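The structure appears right after this line, and notes come after that.
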Amino acid sequence: GAAQAQTPKKGGTLNFAISAETPHYDCHGSDTYATLHFSSPFYSTLLRYNLNKFPEVEADLAKSWTVSPDQLTYTFMLHDGVKFHDGTPLTSTDVKATFDRLRNPPQGVISNRKATFADIESIETPNPTTIVFKLKAVNSSMLDHFASPWNCIYAAKDLAADPNAPKTKINGTGPFTFVEHIKGSHVAGKRNENYFKQGLPYLDGYRGIFMLQAAAMLNALQGGQVLAEFRGVSPAERDRMVAAMGDKLRVEESSWTLNLVVVFNVEKKPFDDPRVRKALLMAIDRWGGSQGLSKISTLRSVGGVVRPGSPLATPEAELVKLPGFSKDIAKSRAEAKKLLAEAGVSNLKFTLWNRNLAMPYTPAGVFLVDQWRQIGVEVEHKQSDTAPYVSALQSGNFEVAIDFNNLFNDDASLAMTKYLSHKGNPLNMSRSNDAEIDKLYEQQVRERDPGKRRELIMALEKRLFEQGYQQPLLWWHRIVLSHKTVMGWKMSPSHNLGADLADVWLNQ
Amino acid sequence: MLRYTINRVLLMIPTLIGVAVLVFFLLRVVPGDIVEVKLRGDGGNVSQETIEMERKRFGLDRPLIVQFADWMIGMAKLDLGRSMWTERPVIEEISLRLELSLQVAIMATLIAVLIAIPLGTLAALFRDTWIDYLMRIITIGGLSIPSFWFGMLIMLSLLAFFNWLPPITFTPIYVDPVANLKQLIWPAIAVGYRYCAVVARMIRSSLLEVLNEDYIRTARAKGVFERLVISRHALRNALLPAITVIGLEFTFLIGGLVVTEQVFNLNGIGQLFVQSVSRNDFMLIQGMVMLIAAFYVFVNLIIDLLYAWFDPRIRYN
Amino acid sequence: MSLALPALAAPRIRLWRGAGDFARAQPLGAVSFVIICLMMFAGIFCTWVAPYDPLNIDFASILAPPSWSHWCGTDAYGRDICSRLIYGSRTALVIGFTASFAGASIGAVLGIASAYFGGKIDDYIQRLVDILLAFPLIVLALVVVAAFPRFLVGGIDVNLIAAIAIPIIPRVARVVRAAALSVRVMPYIDAARAAGYSHARIIFRHMAPNVVAPYLIMLTAFIAQAILAEASLSFLGLGVTEPTAAWGLMLSGNAADFYREAPWMILFPGIAISLAVFAFNLFGDSLRDYLDPRFRV
Amino acid sequence: MEAQSQTAVRPTETSAPLLKVEDLHVHFATSRGLVRAVEGLSFEIGRGEVVAIVGESGSGKSVSALSIMRLLPPLTARVPKGRILFEGRDLLALRSEQMRELRGRDISMIFQEPMTSLNPILTIGLQITEPLQIHLGMTDKQARDRAVELLNLVGIPDPERRLGQYPHQFSGGMRQRVVIAIGLACNPKLIIADEPTTALDVTIQAQILELMKNLSRQLNIALIIITHNLGVVARYADRVVVMYAARRIEQGSAEAVFHRPRHPYTMGLLRSVPRLDRPRGARLETIEGLPPNLAAIPPGCRFAPRCPFRIPVCDEEPPLYPTDTGGLSRCHRHEEIAAGKITWTGAGGAGVPAPHDTAQPLLSVRNLKKHFTIAGGLRRKGGTVRAVEDISFDLYPGETLGLVGESGCGKTTVGRLILGLEEPTAGELRFEGIDIGAASAAAMKRIRRKVQVIFQDPYSSLNPRMTVGQIIGEPLHVFDLAADRKAASERVAELLQQVGLRPEMAARYPHQLSGGQRQRVGSARALAMNPSFIVCDEAVSALDVSIQGQIINLLEDLQRKFGLAYLFIAHDLAVVRHISMRVVVMYFGRIMEVADRDVLYREPLHPYTKALLDAAPIPDPTIEKGREPRLIQGELPSHLAPPSGCVFNTRCPLASQECREIVPPLEEKRPGHFAACIKV
Ligand SMILES: Nc1ncnc2c1ncn2[C@@H]1O[C@H](COP(=O)(O)OP(=O)(O)OP(=O)(O)O)[C@@H](O)[C@H]1O
Ligand SMILES: Nc1ncnc2c1ncn2[C@@H]1O[C@H](COP(=O)(O)OP(=O)(O)OP(=O)(O)O)[C@@H](O)[C@H]1O
Ligand SMILES: [Mg+2]
Ligand SMILES: [Mg+2]
């Protein structure tokens with residue numbers, strides 16, 4: 001708003017907090033913002049989201065692009081005179097090399113985007129500044145994929161030298177060049193003098209300081225040792241900081257592309273019985289819970305499989321009709337009890353697996369235990385470290401669990417992949433196989449008309465919740481705190497976006 | 001003396017090997033491994049073969065014995081391997097944190113010992129008087145108050161009274177002593193209290209014991225100044241057992257500060273432990289365990305040698 | 001009869017007189033003992049003592065400061081801290097006692113055996129003790145808790161108890177061994193051996209009763225240690241898990257987020273822990289002074 | 001204040017005693033209540049005089065000494081009444097600083113335990129020079145020279161080097177010499193020696209005492225010797241103060257007290273010690289009963305309960321009557337004693353039990369060896385201690401074999417080997433003809449029962465956690481010696497009576513018994529398995545003279561009743577002589593001499609035996625004072641570096657070159673009289 005209106009000032013170094021330290025620098029092989037908040041400033045992507053008009057996409061390395069009417073050919077025109085930090089000029093071959101690495105990584109390289117770009121048939125480079133992608137089939141979220149921040153463009157020669165070079169070596173075309181990474185302490189970058197976007201970036205440099213304790217991070221923020229943290233904080237933390245810093249602090253909020261999911265292992269009795277699953281879902285007072293939890297945790301919005309507030313999200317009016325979203329919790333619980341009785345498990349006992357992270361997993365777990373207590377179900381809450389937790393979920397050694405759906409961008413298809421049949425989809429922890437859901441998903445991907453696509457999504461949602469394999473508990477709520485002096489940074493529903501700092505400037 | 005030293009050094013080896021075996025196989029019981037954490041920890045959609053590939057890369061697919069042998073051979077060459085999380089040498093990872101942990105431990109020790117010796121001595125001299133009772137309550141308090149809670153209170157009061165909080169980034173003492181102390185003095189105090197209590201109590205009881213010895217009576221019968229009786233005849237004997245506790249507490253502080261480090265957000269060994277355990281970074285954990293075990297046996301060696309140095313009965317035999 | 005009777009009767013008499021003497025000789029110890037009894041009372045009868053259900057979430061009264069309705073205020077879920085403290089005392093005591101008892105007993109047996117048999121057996125046991133001592137406690141705890149499939153007894157994880165008990169073993173073994181060594185050379189042990197009694201008989205009938213003093217002392221001291229350890233582990237999220245009421249847990253989790261605005265969230269649990277541990281330490285201490293002839297007038 | 005006036009009145013009165021204790025009371029506040037450790041003690045000592053304080057253990061000797069030094073435990077001890085005038089100044093009235101100046105300079109004290117009364121981590125030099133520098137303000141140099149001088153004085157060779165060494169590098173005797181040197185350092189006017197030699201061997205004891213006596217003569221130092229060894233008193237004391245239950249009960253010149261005692265206790269005491277110089281009486285006369293508990297003293301004469309001459313008058317406390325011998329006695333009937341109307345007759349008894357001599361020895365020991373390898377090089381340098389080296393002897397049923405020798409010579413080890421508590425390094429042990437080494441488990445079990453033991457220390461030889469009943473009864477039900485509980489408890493009662501304890505005692509715990517009673521319980525435990533042979537390791541050494549007699553008699557009675565055989569280990573020659581029929585003299589792991597008792601004591605062959613007998617003082621001042629010292633020189637050699645040839649050659653007056661080369665065999669010099677010496 002007003003901030004953006006002012007004319008940016010050049011210069012200054014931005015200290016901001018990163019609440020996790022990335023194990024490596026390779027965007028392609030990573031799913032954590034820790035890598036992005038670390039690497040994005042050094043790299044460019046073909047397209048990117050326009051955070052002013054989210055979820056629109058805009059050009060980054062590509063000056064412009066065209067999509068053929070049949071939506072099977074995407075052509076990108078690259079800026080010219082773009083140079084990597086080591087001085088080598090960027091050409092379409094670099095882009096091709098990058099996307100080849102993404103869609104079928106060579107031996108020993110990990111790409112978490114393999115599936116995403118599976119629809120690409122071929123990549124052609126007619127000339128150094130033009131690159132053409134040919135698709136096997138229509139993919140309604142292809143542009144989202146091209147705009148995803150995970151597709152950092154690497155130099156072909158680096159990849160040729162060592163396919164895994166990006167893990168440890170940084171050479172990009174981004175607004176900042178790599179200075180140092182002190183393990184356990186910070187990463188530093190300085191202005192890329194010949195960044196292809198004129199006049200950018202504004203900052204002389206930046207310092208991303210790793211702070212794994214929220215408390216410490218907030219102290220630092222309050223003390224001005226860091227000016228911002230771009231992932232998100234809890235409401236309690238926000239309130240404290242507001243109280244402490246008053247109008248020196250800027251608070252930006254948005255719903256978040258993250259949600260916690262209640263998962264039932266359909267291979268374990270009695271959770272093979274839809275009635276039991278449904279009953280348990282119906283006992284959860286989401287609307288009440290969202291009220292309370294939103295005060296003490298990052299959980300907030302009630303929503304279906306697609307992020308509430310995003311174009312394709314199911315409106316509340318429709319949502320309340322689905323099991324587990326009723327606003328008349330008393331009635332819903334009574335029904336739940338009945339269902340359990342029918343299923344012959346009136347006094348049900350089970351263990352709820354949860355991840356051992358204070359925010360927001362623990363509150364969610366505590367909340368669920370309490371909710372189920374109220375229909376006479378005795379739940380034992382088991383929180384364990386990531387490794388045992390992940391392996392338990394992967395191997396199906398659990399009855400009920402709190403899973404999480406980390407959407408790396410705001411694409412609806414991505415949001416639904418979690419619910420596809422277990423075979424061939426390690427993300428589906430419920431181990432359910434449901435042809436109908438798969439069919440609906442396939443259709444919406446190939447659907448060119450947004451209206452129709454939305455219908456399909458709602459149908460899928462209905463089927464999913466009726467069967468109750470798994471269901472979003474609550475969506476997260478993103479709150480970003482920064483000093484008012486930090487300008488030009490743009491809030492968005494995903495903490496993976498807007499991390500390149502190109503437009504950020506300091507108002508001192 | 002020399003043969004004694006050699007003997008002691010040789011005795012260290014079986015202990016260390018035992019620790020190695022224990023930690024290695026204990027860790028292998030933990031379900032899941034670092035590859036899953038790395039690739040699926042954030043809900044990434046990676047195929048099973050990718051996982052297998054990574055496992056292979058880390059050599060996790062080989063039989064345990066082979067892995068173990070591999071590791072032991074590495075250690076024999078003083079190579080602790082690489083962290084599986086950052087893929088940097090374990091040594092490097094540790095050395096980054098060791099400095100801080102060491103400094104805190106040393107500062108805590110200084111604080112503790114400087115306070116403990118007079119405290120313990122007074123208590124023993126004024127045994128069963130109010131001084132003794134007071135000191136007893138204070139020291140037992142030290143044993144009872146959780147250091148991390150004490151730390152929280154310190155933070156809280158710093159914030160409440162001075163609206164100031166210690167810096168969160170570590171500056172080596174040789175770079176900027178002031179900034180360094182500003183950060184590390186607080187945790188040092190937080191753990192120093194308990195430490196001090198332990199030492200003071202040891203000094204008290206061993207001094208009481210010594211004061212019952214005949215040679216103290218002899219010294220008094222010689223008309224030696226009471227001052228001298230305490231300082232020359234009693235204290236020197238009484239300090240021996242104290243040395244042991246000091247040493248053991250010290251080793252405990254290296255890597256034992258986990259919780260306190262959390263409270264003060266110190267980037268120390270303890271933190272590294274917790275992180276690497278939650279990530280199943282076996283190599284790193286093993287490395288740290290071996291380091292600390294080595295540290296432990298080494299300090300014990302020092303203690304025994306100090307004993308020998310202090311106590312002629314051992315020195316001349 | 002006169003053989004059996006005194007055997008049974010005498011110790012009882014001594015026990016009572018002992019209690020009396022103890023109270024007289026160690027007033028502080030007596031006080032601490034009273035505190036411990038209160039804790040036990042609270043722990044055992046928590047269902048009656050506690051004003052609220054410790055699990056009862058009440059988003060309406062989140063982070064309420066201490067008041068008549070909530071003596072110690074409420075936590076981030078609006079749960080009554082006072083009630084959670086009372087229930088927590090059960091957790092603390094169960095863990096404290098079981099862990100310390102298990103650890104100390106195993107340690108004692110090792111120590112006595114080590115001292116009695118000497119030679120090879122002694123060497124092996126000492127080596128084992130060294131290894132356990134050299135092993136960083138925290139890792140031991142972290143791994144043991146993480147490693148084994150957990151097995152619950154009354155909402156408390158047996159792994160946790162093991163994790164706390166194991167480090168106790170070598171420490172007790174050391175001390176008891178030292179004590180047992182001095183008993184080992186006592187003529188009455190020689191007399192027993194000269195009489196041709198079995199090893200088991202000599203160990204349990206003749207040696208064990210005479211190292212009971214250090215054992216008791218260590219036992220109480222380590223109950224305190226165990227309670228602290230539980231607190232620390234729970235603080236790290238490795239111990240008892242939410243929503244179980246446990247003191248350490250109450251200091252951790254979102255307490256870290258709120259303790260600046262709601263100091264009571266950490267104040268009372270902290271005090272509870274300190275007080276409990278203090279009581280056990282003081283008791284053990286007094287017991288030492290009382291049992292150890294060196295400290296007797 | 002009074003102190004000042006005292007000094008004012010008679011500052012330089014030559015006749016004035018050096019130290020004058022007047023009506024001294026010392027109380028201890030204990031959990032057991034108020035202990036009146038010393039009550040109304042008064043005595044004085046002139047310059048250069050030697051006064052001995054004797055008395056039962058616990059009678060207040062040490063406490064009196066400590067209160068003179070003002071070294072009583074500050075928290076518990078109180079001196080409610082009394083004065084201690086030293087050169088006219090009341091020590092009790094001095095400020096602690098003044099008292100400190102006095103200590104070590106004018107009065108110094110020598111304590112019982114030479115092993116523990118020197119600081120282990122300070123050099124001898126420092127510990128000697130300390131008082132010199134503090135009191136006389138000497139420079140390091142002067143102090144050092146003086147220290148050398150002192151060490152020479154107390155007969156420590158090569159003092160310069162010794163100064164730099166630490167206590168653990170000295171033997172017990174040497175340490176005691178060092179302690180004495182420290183005591184002498186500042187030429188004190190008074191030395192108080194509390195049991196200065198009790199912890200030492202007879203030979204060393206003699207050396208030390210002679211030394212002290214001579215020094216006090218030369219330097220005109222007054223000496224207070226506290227001891228319960230009447231022989232020592234007889235030899236060295238001018239005057240004697242006898243204490244009983246916190247009170248002085250008799251006082252007088254040594255001659256008077258020993259020859260014409262005027263108090264029944266003293267009389268009894270003198271009669272109840274076995275003596276080397278008198279023909280051995282059938283049975284020791286003893287003072288029955290125990291001294292009163294100082295926390296709850298009965299009214300009247302404190303000795304009355306144990307006194308055979310008790311009369312109604314004794315119900316009130318007697319004052320100190322001056323006696324015909326010029327001394328003092330706290331007995332109503334001292335005149336009758338003086339008139340010889342009262343003569344002491346203890347419980348009389350039958351004669352010596354005759355050995356049932358049979359062809360087959362009960363126990364035969366052949367070439368027994370025991371070497372201890374001192375454990376791993378950690379704390380100590382390794383090495384082997386030849387505790388027992390090639391020992392052979394026989395023991396016949398019903399016989400008492402005495403085993404004497406200085407500390408560390410292997411007596412206990414021999415006992416332990418016989419008991420199977422140690423594995424012999426070499427040699428064979430036959431019990432009733434069965435080779436113990438080769439015996440089957442079953443046979444072993446049987447033998448075990450036949451061989452029992454009574455230990456030296458009455459305090460540590462009973463399991464403190466078991467009642468007397470359990471202790472004695474245990475073997476009964478472990479080995480099913482009793483049909484049922486009832487039978488067992490009856491047997492226990494019977495055993496208790498046999499050792500002269502009341503059956504009720506079964507309910508007691510050891511800590512509720514006196515030393516003597518514990519030894520009785522120990523004997524009962526041994527008897528429970530009706531053994532045929534008991535090893536008595538220093539069974540009476542730790543007991544007071546009066547109690548000692550009781551136990552010795554008990555052992556003899558039992559022997560007579562059950563035809564027991566004893567191996568009686570002791571270092572008190574008189575006791576051994578009294579109880580045993582044959583005596584084995586050990587030195588440094590080897591047997592020096594074996595003979596029938598009377599032969600051995602009448603005409604010893606081996607120089608070592610001679611030395612031992614000479615060194616042992618006899619409780620008779622005239623004899624002792626007459627006898628001029630024939631001292632055996634030197635210390636016990638180190639076990640780690642045993643001397644070549646005859647082990648005794650380092651100290652033997654007759655030693656010649658060949659003694660250093662050949663190890664003398666134990667040969668029968670006369671019928672039934674063996675000795676290991678090539679000179680006889
Ligand atoms: N520190 C003390 N506290 C309480 N009672 C004590 C203390 N010291 C001595 N006593 C008591 O005072 C009495 C006299 O003790 P003391 O040591 O003088 O006896 P003693 O004649 O020296 O005996 P021994 O010959 O065994 O040395 C004893 O009953 C003893 O129990
Ligand atoms: N277990 C052992 N280990 C090493 N040396 C030992 C052991 N037992 C005894 N010795 C040594 O053997 C020698 C003989 O000891 P022993 O106790 O038999 O002598 P003793 O004649 O009984 O002396 P005392 O009269 O003081 O009882 C001593 O030098 C002692 O140090
Ligand atoms: Mg004494
Ligand atoms: Mg002995």
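Chain naming here is simple, since letters A, B, ... match the order of the sequence lines and numbering starts at 1 in each. On a predicted model such as this, the values are computed, not experimentally measured, just so you know. Atom set for the values below is all heavy atoms of this structure, side chains included, hydrogens, waters and symmetry mates excluded.
- Interface remark: C:A224 contributes no atoms to any contact with chain B (heavy atom separation under 4.5 Å).
- With rounding to the nearest 0.5 angstrom, the CG atom of B:L153 is 7.0 Å from the CG atom of C:L267.
- One distance of note links CD of C:Q126 with CG of B:L11; it measures 11.0 Å at 0.5 Å rounding.
- Among C:I273, C:L233, C:V277, C:L140, the residue with the largest count of heavy-atom pairs under 4.5 Å with chain B is C:V277.
- Few gaps surround OH on C:Y215; more than 12 heavy atoms of other groups in view lie less than 6.0 Å from it.
- Within the 4.5 angstrom heavy-atom criterion, atoms from both the backbone and the side chain of B:I145 approach chain C.
- A 6.0 Å sphere centred on CZ of B:F25 holds more than 12 heavy atoms belonging to other residues, nucleotides or ligands.
- Looking only at heavy-atom pairs under 4.5 Å with chain B, the residue among C:I227, C:I266, C:D130 that has the most is C:I266.
- Of the atoms belonging to B:R28, not a single heavy atom falls under 4.5 Å from chain C.
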So B:R136 and C:S286, side chain to side chain contact (heavy atoms under 4.5 Å, CB included) or not? Walk me through it. CA-CA 10 Å; B:R136 214 168 136 192; C:S286 316; 3.2 Å; yes
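- The two atoms that bring C:S274 and B:W149 nearest to each other are OG-CZ3, 3.5 Å, heavy atoms only.
- Only the side chain of C:L228 comes within contact range of chain B, with at least one heavy atom under 4.5 Å from a heavy atom of that chain.
- Only the side chain of B:M155 comes within contact range of chain C, with at least one heavy atom under 4.5 Å from a heavy atom of that chain.
- For B:V277, the part sitting under 4.5 Å from any heavy atom of chain C is the side chain, from C-beta outward, and nothing else.
- Considering every non-hydrogen atom in both C:A134 and B:V19, the closest pair reads CB-CG2, 4.0 Å.
- Looking at B:I137, both its backbone and its side chain come within 4.5 Å of chain C, counting heavy atoms on both sides.
- Interface remark: C:L133 contributes backbone and side-chain atoms alike to the contact with chain B (heavy atom separation under 4.5 Å).
- One distance of note links CG of C:L282 with CD1 of B:I140; it measures 4.5 Å at 0.5 Å rounding.
- For B:V23, the parts lying near chain C are the backbone and the side chain together; criterion is any non-hydrogen pair under 4.5 Å.
- The contact between C:L28 and chain B is made entirely by side chain atoms (from C-beta outward), counting heavy-atom distances below 4.5 Å.
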